[in-house]
Amino acid sequence: SFGLALAIVGLIRLVRGGIGWRWVRTAGTTLALILAISAAWIALFPRADHPVLDAIEAIAPSVRLTYLSVQERVMLSEAEQYAERYRRQAEELNALEVRSRAEGAALDDEQVVKISGFLRGYTEMRLGEAFVHREVRSRARTRNRWWLAAVMLAGALVVAPQILSQLVRR
């Protein structure tokens, strides 16, 4: 969030004329370094958290489809569907409890215990589906880490062409 806010402020200042092209080159170099470090990170530690790759997937979800097999896509889709189903069921139970309080017909203790038990169960099931989601993505990233790292490194070189041109000159 802080990096995004900083980037937005930098763009606003650029538009208003407060930042020279030197800062734009610096931002490009910084982005290139972040991509290069992320490429090395995914190559070395494919099961670790990868915020840059996660951000890219959040912006363009179709990126995930490039490294997931058909079976993994199905598993992710099912996990998301089940998690959504459990979320809706928990919301329905919460709405039932709120409605009973609003209408003045309070639930007895046994019903409250049952509802809270179901809510805990639905929460655990949603956490289980989130685990499946993370595990499937981690395994796919591990299997495809070398070409994912190569693509991110190529992206770093595209973002900062001055680095590439300096390497070519040398």
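Values in this document were obtained by computation on a predicted structure and should not be read as measured data.
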On a heavy-atom basis, which atom in Ala43 and which in Pro46 lie closest, and how many Å separate them?
O-CD, 4.2 Å
Of all the heavy-atom pairs spanning Tyr67 and Ala140, show the shortest one and how long it is.
CD1-CB, 3.7 Å
I'd like to know whether Leu35 forms a side-chain contact (heavy atoms from CB on, under 4.5 Å) with Leu153, so could you lay out the CA-CA distance, the side-chain angles of the two residues, the decisive distance to 0.1 Å, and finally the verdict.
CA-CA 6 Å; Leu35 284 172; Leu153 192 57; over 6 Å; no
Taking every non-hydrogen atom, the tightest pair across Trp41 and Asp49
NE1-O, 3.2 Å
Is any NZ, NE, NH1 or NH2 atom of the basic residue among Asp54 and Arg141 found under 4.0 Å from an Asp or Glu carboxylate oxygen of the other?
yes
Is the shortest side-chain heavy-atom distance between Leu93 and Glu97 below 4.5 Å?
no
Go through Glu110 and Lys114 one step at a time and tell me if the salt bridge (charged side-chain N to carboxylate O under 4.0 Å, His left out) criterion holds.
CA-CA 6 Å; Glu110 185 178 325; Lys114 283 182 182 180; 3.6 Å; yes
Value rounded to 0.5 Å, distance of OG in Ser62 from CD1 in Ile56
11.5 Å
Here the gap from Ser100 atom OG to Gln111 atom CD, rounded to the nearest 0.5 Å, amounts to 8.0 Å
Can you tell me how far the CZ atom of Arg120 sits from the CD atom of Glu124, to the nearest 0.5 Å?
9.5 Å
Inspect the surroundings of CG in Asp109 and state if more than 12 heavy atoms from other residues, nucleotides or ligands are less than 6.0 Å away.
no
For a quick test of reading the model, state the closest non-hydrogen atom pair linking Val136 to Met75 and the distance between them.
CG2-CE, 3.2 Å
For side-chain contact (heavy atoms from CB on, under 4.5 Å), just list the numbers for Gln81 and Glu84, CA-CA rounded to whole Å, side-chain angles, deciding distance to a tenth of an Å, and then say yes or no.
CA-CA 5 Å; Gln81 289 172 358; Glu84 178 61 22; 5.8 Å; no
Looking only at heavy atoms, what is the nearest atom pair of Arg47 and Ser138, with distance?
NH1-CB, 3.8 Å
Geometric class of the Tyr82/Tyr86 ring pair [parallel <30°, tilted 30-60°, perpendicular >60°]
parallel
Show, in sequence, the C-alpha distance, side-chain angles and deciding distance for Thr66 and Trp147, and conclude whether the side-chain contact (heavy atoms from CB on, under 4.5 Å) test is met.
CA-CA 11 Å; Thr66 60; Trp147 74 263; 3.8 Å; yes
For the backbone of Ile34 and the side chain of Ser38, can you confirm whether one donor and one acceptor N or O come within less than 3.5 Å of each other?
yes
Does a side-chain N-to-carboxylate-O contact under 4.0 Å join Glu129 and Arg87?
no
Report the distance from atom CG of Leu76 to atom CG of Leu68, rounding to the nearest 0.5 Å.
5.5 Å
Could you point out which residue of His50, Arg64, Glu72 forms a side-chain contact (heavy atoms from CB on, under 4.5 Å) with Arg137?
Arg64
How far apart are the closest heavy atoms of Ile42 and Met152, and which atoms are they?
CG2-SD, 4.4 Å
Count I, L, V, M, F, W, Y as connected when their side-chain heavy atoms are under 4.5 Å apart, and connections chain through other members. Are Leu96 and Val112 then in the same cluster?
yes
Applying salt bridge (charged side-chain N to carboxylate O under 4.0 Å, His left out) to Glu135 and Arg139, what does each step give before you reach the verdict?
CA-CA 6 Å; Glu135 187 64 22; Arg139 287 182 184 193; 3.0 Å; yes
